Amino acid sequence: MTMFAESSAPAKIILCGEHAVVYGQPAIAIPLPTIRAIARAFAPKSFGQKLRILAHDVGEEFSFTDLKDFDRNNPLLLAANLFFALNKMDIPDLTVDITSMIPVASGLGSGAAVTTAFVRVLAKVTERPIDDNDLNKIVYSVEKIHHGTPSGIDNTVIVYEHPVYFVRNQSIEKFAFGNPMTFVIADTGIGAETHLAVADVRTLYDANIQKISSIINEIGHIVKGVRQAISSGDNKKIGQLMTQNHKLLQELTVSSSELDNLVETALSCGAIGAKLSGGGRGGNMIALVDNLNTVHIKDKLLKAGARKVFEVSVGNH
Ligand code: PMV
């Protein structure tokens, strides 16, 4: 065991296709390399068979002392347990410090990023390397605590840290950008639980299968269009399709007045396209922008009530 190790994992956005992805349609997700969760592990000299986890951003501390008797609804304890089981090892004497730049419960993949960084640091400090496929399985199992029946898109884009065209239960398709893209991301500051929005869409679907299926299929077409536009580097088309996707998400009742307000503000300031990203009802709005007007758009979004704004460019290398 080494004395110290550090690992991290990125936030993510869903560019298009959320919710419809639960029903077998494709979705596109992109990692945000500059917004990260970081885990640092310190191995003291004593052997106390105790793992201490300090989750600074949520102000919580957990201890893991028993492989069988622990809270399985605690994402970090479950992640640690799955990692130790995979490696058939006892609980090491360790302290893990977790910090994150990613807003919690906001559609940016905070939970999956924290779990990913955490398991990676356990692997590093205990010198038991884990490959991305095994890591992805662990993070997916932990995601079930937050999301019930997640499609798997969040853990996949975050663990592999690569843009993905994702279809549930199919092998993932990585892709490259025809042109760089710059996003302004605005946080409503409203935490929203994805599993509730997913459950509400399911109720809507069950009540009106024909209508909701056609919205879901339309979202699928949009995602295919975005996939093509990414290859050809047609950012204008991507933006138009994002805004159309937002309208369909409104019809699925997963937007909110705050998200709609941020979408309208971004568009009225010249964003190429804008939509909610993730489960919706709160969380974040993403706007595809020209590099020229990002300062203006960010300023207007803050004035329109955004709690935080981020600017992220992808596809530059
Ligand atoms: O975890 P979030 O809030 O980024 O949303 C995940 C995307 C959904 O399609 C709404 C749910 C899922 O499991 O794919």
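Computed over heavy atoms, backbone and side chain alike; hydrogens, waters and symmetry mates excluded. Note that this is a predicted model, so its numbers are computed, not measured. Order of listing sets the numbers, starting from 1, for every ligand and every atom in it.
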* To do: Give a yes or no on whether a salt bridge exists between Asp290 and Lys236, defined as a side-chain N under 4.0 angstrom from a carboxylate O.
  => no
* If you measure only the distance, is there a donor-acceptor pair under 3.5 Å linking the side chains of Arg227 and Ser231? -> yes
* Enclosure of Arg307 CZ (heavy-atom neighbours >12, cutoff 6.0 Å) -> no
* To do: With a 4.0 angstrom cut-off on heavy atoms, strictly below it, pick out the residues next to ligand 1 and order them by chain and number.
  => Lys12, Ile14, Glu18, His19, Val21, Val22, Gly107, His147, Pro150, Ser151, Ile153, Asp154, Thr194, Val198, Gly278, Gly279
* Asked: Cut-off 3.5 Å, side chains only: do Thr253 and Arg281 have a donor facing an acceptor?
  -> yes
* Angle class for the Tyr23/Tyr205 ring planes (parallel below 30°, perpendicular above 60°, tilted otherwise)? -> tilted
* Hey, is Glu161 close enough to Arg36 for a salt bridge, meaning N to O under 4.0 Å? -> yes
